[in-house]
There are 2 protein chains.
Amino acid sequence: MLKLIQYRLCPLSRSVRLALAEMRMEVELAEEKPWEFRDAFLAINPAGELPVLIDADAPPVCGVYAIAEYLGEQPADDPEEEKPFALFPGRRPERAEVRRATDWFNGKLHREVSCELLHEKVYGGLNKGSGHVPDTNILRAARANLRYHMSYVNHLADERRWLAGDAMSFADLAAAAQFSSLDYLGEVPWEEFPVAKSWYARMKSRPAFRAILADRIPGVSPPGSYADLDF
Amino acid sequence: MLKLIQYRLCPLSRSVRLALAEMRMEVELAEEKPWEFRDAFLAINPAGELPVLIDADAPPVCGVYAIAEYLGEQPADDPEEEKPFALFPGRRPERAEVRRATDWFNGKLHREVSCELLHEKVYGGLNKGSGHVPDTNILRAARANLRYHMSYVNHLADERRWLAGDAMSFADLAAAAQFSSLDYLGEVPWEEFPVAKSWYARMKSRPAFRAILADRIPGVSPPGSYADLDF
């Protein structure tokens, strides 16, 4: 069975968990605390980044980019059987758009919003002895960036059936994973972005999302609306 | 013919130029100054990031990740004819390692070193009226990071024929592109990392590298060793 080294609130880890669930592939989860930079983990992924996928047939697959493409190349067990879900659907140009949008969410949004808020509000405080106090300037900047990203999602969801085109793709999973981590922190002003909200409601109600909505971090409780499908 | 919207010193743009040259695909270059954030460019790529590939058959392919995978999926004109160069060679596990290493160079190294040095030493100054003065703390941190990345390249080049395995891959092009931009700025302490240097000498002597070694930016001259194959 596959094993995923991940952290419950890490949005990049969540995007891969969603992908595996949509593809109906079983996975064993191993927790790694990304703020600890343990030597044993750095020996597996020298970049110190989550997630890492362990497949019996291969060396560790490190990072969300390599993992998503690795899963996208997954040979069907039975070639006659249609795959339950294509991470990168469509022809070459449509696949390019899925990758552009994926990069937006896993790269730009993660860097400008989620990474900052997770560090200031969660990782810093869980890093015992660091004496971390959230920096209000960073929080303010990340929250302003979040509104910009939400208006972009609102725009995409208004123009298209799914964020990267006619079919649900890894871009939707990547975006939903980012928003789910931010939602756990009570950071998402859904009411201001109704089209983005209705896209997220569709994502949230998928069976693949259930495990993520059940996640809890000791000492950090999500708001009541986090797991509510009618938020 | 393909068109690439790029900037001459941008390492991500250079990695795609190297890929196209190794694949023996002709491309017309269009220059975009990444520090200007022109509306006309943002209309093509809302992320405002270089490079962007324009292919007559498709909408703009935005960003190095989408472009590299798009080119990797390039159908051969003549399926009987072998491709001159595979960006992601090997089987699934080997391709995953190429992507991990590519992400290291285009992501981690770019963010921690090249992006910072290019902004402080070049883009800031070319941005007329900004009154930009390089921040010595940022320069010092980026240079320390560069040594860490060079020791990693030294290690990879010592253990393997090419940076991501037995075959030259997009990871080598991505790394060489980053180092070529840093080398233009006279920032690379090659003498301290002899194995990395000998790998870069191999890359630099490839015909695909010639156009990049001929690049010049008005007002910013490279050191004499920049285009010297025997540096």
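As a basis for the values below, the full set of heavy atoms in this structure was taken, side chains included, without hydrogen atoms, waters or symmetry mates. Within every chain, numbering begins at 1; the chains are lettered A, B, ... in the order of the sequence lines, protein sequences first and strands thereafter.
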Residue pairs passing the salt bridge (charged side-chain N to carboxylate O under 4.0 Å, His left out) test with at least one member in residues 58-67 of chain A, sequence neighbours excluded, are none
Note: vs chain B, highest number of non-hydrogen pairs under 4.5 angstrom among A:Ala66, A:Ala47, A:Cys62 is A:Ala47
Write out all chain B-chain A donor-acceptor pairs shorter than 3.5 Å, or none if the list is empty.
{"from": "B:Glu49", "atom 1": "OE2", "to": "A:Arg111", "atom 2": "NH2", "distance (Å)": "3.4"}
{"from": "B:Tyr65", "atom 1": "OH", "to": "A:Glu69", "atom 2": "OE2", "distance (Å)": "2.7"}
{"from": "B:Glu69", "atom 1": "OE2", "to": "A:Tyr65", "atom 2": "OH", "distance (Å)": "2.7"}
{"from": "B:Tyr70", "atom 1": "O", "to": "A:Arg92", "atom 2": "NE", "distance (Å)": "3.3"}
{"from": "B:Tyr70", "atom 1": "O", "to": "A:Arg92", "atom 2": "NH2", "distance (Å)": "2.9"}
{"from": "B:Glu73", "atom 1": "OE1", "to": "A:Arg95", "atom 2": "NE", "distance (Å)": "3.4"}
{"from": "B:Glu73", "atom 1": "OE2", "to": "A:Arg95", "atom 2": "NE", "distance (Å)": "2.7"}
{"from": "B:Glu73", "atom 1": "OE2", "to": "A:Arg95", "atom 2": "NH2", "distance (Å)": "2.6"}
{"from": "B:Glu73", "atom 1": "OE2", "to": "A:Arg99", "atom 2": "NH1", "distance (Å)": "3.4"}
{"from": "B:Gln74", "atom 1": "OE1", "to": "A:Arg92", "atom 2": "NH2", "distance (Å)": "2.8"}
{"from": "B:Arg92", "atom 1": "NE", "to": "A:Tyr70", "atom 2": "O", "distance (Å)": "3.3"}
{"from": "B:Arg92", "atom 1": "NH2", "to": "A:Tyr70", "atom 2": "O", "distance (Å)": "2.9"}
{"from": "B:Arg92", "atom 1": "NH2", "to": "A:Gln74", "atom 2": "OE1", "distance (Å)": "2.9"}
{"from": "B:Arg95", "atom 1": "NE", "to": "A:Glu73", "atom 2": "OE1", "distance (Å)": "3.4"}
{"from": "B:Arg95", "atom 1": "NE", "to": "A:Glu73", "atom 2": "OE2", "distance (Å)": "2.7"}
{"from": "B:Arg95", "atom 1": "NH2", "to": "A:Glu73", "atom 2": "OE2", "distance (Å)": "2.6"}
{"from": "B:Arg99", "atom 1": "NH1", "to": "A:Glu73", "atom 2": "OE2", "distance (Å)": "3.4"}
{"from": "B:Arg111", "atom 1": "NH2", "to": "A:Glu49", "atom 2": "OE2", "distance (Å)": "3.4"}

Whatever's closer than 4.5 Å to a heavy atom in chain B on A:Pro46 counts as both
